[in-house]
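What follows is a single structure, written as structure tokens, with notes after it.
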Amino acid sequence: MRPASPSAKPRRTKGGRPAATSPPAARRAAAAVARLDRRFVWHPFTPMREWEAEPPLIIERARGVRLYDLQGRAYLDGVSSLWCNVHGHRQPAIDRAVAAQLRQVAHTTMLGLGNVPAARLAARLVRLAPRGLTRVFYSDSGSTAVEAALKIAFQFWLQQRPPRPERGEFLAFENAYHGDTIGAVSVGGMPLFHAKYGRLCFAAARAPMPRARPGVAVEDQPETRACQRLIERRRGRLAAVIVEPIVQGAAGIVRAAPGFLRLLAGWTRAAGALLIADEVATGFGRTGRMFACEHEGVSPDLLCLAKGLTGGYLPLAATLATERVYEGFLGAHADLRTFFHGHTYTGNPLACAAALASLDCFRRERTLTRLRPKIALLWRELRARLGGHPHVRDIRGEGFMVGLELCDAAGREIPFQDRAGHRVIREARARGVILRPLGNVVVLMPPLAMEARDIERLVAVTADSITAAFAEH
Ligand SMILES: Cc1ncc(COP(=O)(O)O)c(C=O)c1O
């Protein structure tokens, strides 16, 4: 099988759709892989009956912000391969760093041993993170970073002198998403994903999140006061408050009211609880700052990182803690203050090498500085092309995190069963762009490396795809 070279421009049909460039042998090989996928693979968050009924798109390789399928067709990676790619695919310096680490060792355990890139990366993360976070606990996904944070917060209070077992409650937010492990589901607030597991979960209080509403101050929103009351009522009982700072991702890219995070941090501190910032989605430049907490000068007690940590290369996560939290776990061996928690591939050296190279890239390429005009362009294009669109009733987000809420022609919400978001992403795919919906919200989350022409194309194709999805319906 010989797919077209990545530098070759993909042929397009008149409608701008990616044209197949492969000879019959390549098409046969692609069909064989598709058969294997349909026969043996169970895909995440995927209605499998429908998956089996449609020809699957199978990616073979990628370069920059483009993915290539088995037949050599190119697609713009409009969601950063599920919100994690930062500098583009096959970034030469990250490729080199992973290859160099491979010549040293691919994996050794962190239980009882250290490794070189994990130690270096921990020091870099502490320098980079909001002030006060001094210790790095590794794991391998966003869910496990959150799971570790929840258990650390819970155990921390049990190990105070004297112990504070009454501080065992968590406060989370409505529509929050923190991952799919049971602790993360317990603090999740999305009925579609979480309701069925209710009996498996621990109870957590849920507060409403005040949204960014033009012209309405955060203090004047009823959700703000409700949240404050919920925290004050639990003073002395809360272990921690967990929040997706600035933007709730899976909720549909919901921008919190400016100023809310700072207020929340203040109430949490006043209630004596720990603040857990889940920056799995917002971290590493997504909102225009390295970490979303920086927008409001907030330093949490625990910070969860994953996704963009390795530039989107390899599974790695980190839960950062303050010295105060870390010290809660120190003591004589017999005191059993140890954090008995950890995963086999924790702190994997290849993943840590990728993360170090990604952080070097941020510095060398001045990624965040160069991102500013790109963010301005993205939002200009969104407003110009989708501002008055009859089927888009809200354009929201921050930086390179965008949610477009779809509606019917009368501006009303569309029933979930209509799969409007899914129809849009199918249209986009036919036009050579990969998007992913969250119900009736179309998400745009391009790699930070995406340049102006591709940003313009991303928005233009999205607008055309929305129009087409409703025209055919
Ligand atoms: C805010 C947030 N936390 C946690 C997670 C879970 O991360 P993972 O899918 O790597 O387990 C996600 C995933 O989208 C997320 O957006």
Side-chain angles (χ1 to χ4, degrees), residues 43-46 78-86 137-153 170 172-190 192-194 197 201 204 206 209 240-256 261 264 275-287 291-293 295 298 300 302-320 341 343 345-348 351 354-355 397-403 435-439 441 443-445:
H43 286 262
F45 280 94
T46 303
V79 285
S80 300
S81 295
L82 210 57
W83 313 2
C84 66
N85 190 277
V86 178
F137 186 89
Y138 287 114
S139 61
D140 31 45
S141 74
S143 305
T144 58
V146 167
E147 207 73 24
L150 296 171
K151 284 176 72 179
I152 289 171
F170 288 88
F173 283 88
E174 290 168 7
N175 297 312
Y177 179 76
H178 297 290
D180 299 329
T181 51
I182 289 301
V185 170
S186 299
V187 289
M190 298 185 66
L192 177 66
F193 298 164
H194 301 140
Y197 307 106
C201 295
R206 286 218 171 50
M209 171 83 72
V241 171
I242 180 165
V243 64
E244 294 164 84
I246 305 295
V247 180
Q248 283 190 315
I253 317 294
V254 176
R255 175 58 163 100
L261 181 64
L264 179 71
L275 180 66
I276 303 173
D278 176 356
E279 293 234 25
V280 168
T282 53
F284 300 99
R286 271 285 142 215
T287 64
F291 300 111
C293 283
H295 286 276
V298 164
L302 290 154
L303 175 70
C304 305
L305 304 174
K307 288 196 185 280
L309 171 56
T310 61
Y313 261 60
L314 285 158
L316 180 70
T319 305
L320 274 66
H341 179 106
H343 303 285
Y345 283 104
T346 265
N348 173 263
E398 183 73 45
F400 261 26
M401 283 181 100
V402 177
L435 299 177
R436 180 141 180 101
L438 286 162
V441 176
V443 176
L444 305 187
M445 186 100 67

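Numbering of ligands and ligand atoms starts at 1, following listing order.
Ring geometry, Tyr177 versus Phe45: the interplanar angle exceeds 60°, so the pair is classed perpendicular (tilted spans 30 to 60°).
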Please assess Glu398 against His295 for the test side chain to side chain contact (heavy atoms under 4.5 Å, CB included), listing each intermediate value before the final yes or no.
CA-CA 11 Å; Glu398 183 73 45; His295 286 276; 4.1 Å; yes
Worksheet item: Would Ile253 and Val402 satisfy side chain to side chain contact (heavy atoms under 4.5 Å, CB included), going step by step from the backbone distance to the final call?
Response: CA-CA 6 Å; Ile253 317 294; Val402 177; 5.6 Å; no
> Can Asn175 and Met209 be said to form a side chain to side chain contact (heavy atoms under 4.5 Å, CB included), step by step?
Replying inline: CA-CA 9 Å; Asn175 297 312; Met209 171 83 72; over 6 Å; no
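For ligand 1, residues of the protein lying within 4.0 angstrom by heavy-atom distance are Trp83, Ser141, Gly142, Ser143, Tyr177, His178, Gly179, Glu244, Asp278, Val280, Ala281, Lys307.
When the shell of 6.0 Å around OH of Tyr197 is examined, it contains 12 or fewer heavy atoms from other residues, nucleotides or ligands.
For the residue pair His343/Asp140, the side-chain donor-acceptor check at 3.5 Å is not satisfied.
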